[in-house]
Amino acid sequence: MRRGLLLALAAILMPACGSRHQSSTPHNPYEKPSVYFSSVTSMVIEVAYETGAEPATGLGLSGQPLWNFLQDNLGSLFQGRVLVPQVTLPTDLSQMKRLPAQNKTSWTLDDVVALAAAQRTGSSTATSADFFIVFLNGYFEGASGPDPSILSAYVIGTTVIAVSKPAVDAVSAGDLPVVGRYMQLFALVHEMGHALGLVNYGIPMRVAHEDAAHPAHCSVPTCIMYWQNEGAWAVRQFVQNYIATGNPDVYGAECLQDARLYVP
Ligand SMILES: [Zn+2]
Ligand SMILES: [Zn+2]
């Protein structure tokens with residue numbers, strides 16, 4: 001697990017997060033947790049992929065579509081709330097947007113933001129939140145070049161998340177295919193947690209559980225928002241635990257409580 005490369009990346013991303021990225025694009029006033037948890041009734045997740053970086057789809061271990069794993073965990077954050085948004089996301093490759101090959105060996109976050117601005121179709125309003133996930137056919141740019149240990153990134157101040165498909169493939173090479181298939185989903189559950197305001201990043205805490213050394217992350221090691229649980233090898237371990245136990249709920253109790261009891 002490498003540490004300290006995040007300042008260069010300036011975002012919440014794997015394997016460690018914590019720095020702050022201010023998008024240069026004008027900020028949409030509806031893109032914030034207080035809106036997501038007060039007036040949003042539908043949440044739309046757009047998924048795009050570069051040719052050659054096709055996300056895994058099909059059925060998951062439960063016999064339901066693999067991508068329901070993300071939908072179910074997001075739904076869990078809103079469980080018991082007065083307003084529960086309808087989460088819409090593609091579960092089949094045919095419902096995801098195919099992008100031409102970008103021919104980049106590494107991606108900076110500014111590159112990702114530019115790609116999203118050019119390719120996303122939706123935008124957030126007071127009642128409908130739009131998120132854009134893109135699968136890249138290249139590594140993220142680390143402190144010393146392309147970094148295969150970084151699986152995914154959430155660009156702070158935006159609703160943009162990116163996944164490095166080659167990083168997923170590299171870390172899960174040699175595993176049963178199911179490991180790689182779920183690694184992408186676990187990474188997305190983590191990044192969507194950030195996008196929605198976890199930990200203490202828009203959604204206030206009910207009990208103290210933010211990791212002081214890794215802002216916006218959970219201090220509970222078994223929670224997907226724990227900082228190490230977003231490192232490539234730790235996510236792989238998380239997936240193997242899931243396969244062994246079958247427990248599909250990966251946000252910990254403290255994070256769930258923050259979201260479910262949040263009063264904007
Ligand atoms: Zn993180
Ligand atoms: Zn947690």
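Both ligands and their constituent atoms are indexed starting at 1 by order of listing.
- The Zn ion (ligand 1) has no N, O or S atom of H214 closer than 2.8 Å.
- Angle subtended at the Zn ion (ligand 1) by H190 NE2 and H194 NE2: 90°, rounded to 10 degrees.
- Ion pairing between E54 and K165 fails under the 4.0 Å rule for side-chain N and carboxylate O.
- Between the SG atom of C255 and the SG atom of C218, the angle centred on the Zn ion (ligand 2) amounts to 110° when rounded to 10°.
- Between F69 and Y242, the two ring planes are tilted [angle within 30° to 60°].
- Between the Zn ion (ligand 2) and C223 there is an N/O/S contact shorter than 2.8 Å.
- Distances from the Zn ion (ligand 1) to the N/O/S atoms of H217 are shortest for NE2.
- Qualifying ring-ring contact (aromatic ring centres under 6.0 Å, His included) partners for F78, counting only residues two or more places apart in sequence or in other chains: F37.
- Around OH of Y30, the count of heavy atoms belonging to other residues, nucleotides or ligands within 6.0 Å does not exceed 12.
- With sequence neighbours left out, the ring-ring contact (aromatic ring centres under 6.0 Å, His included) criterion links Y36 to F131.
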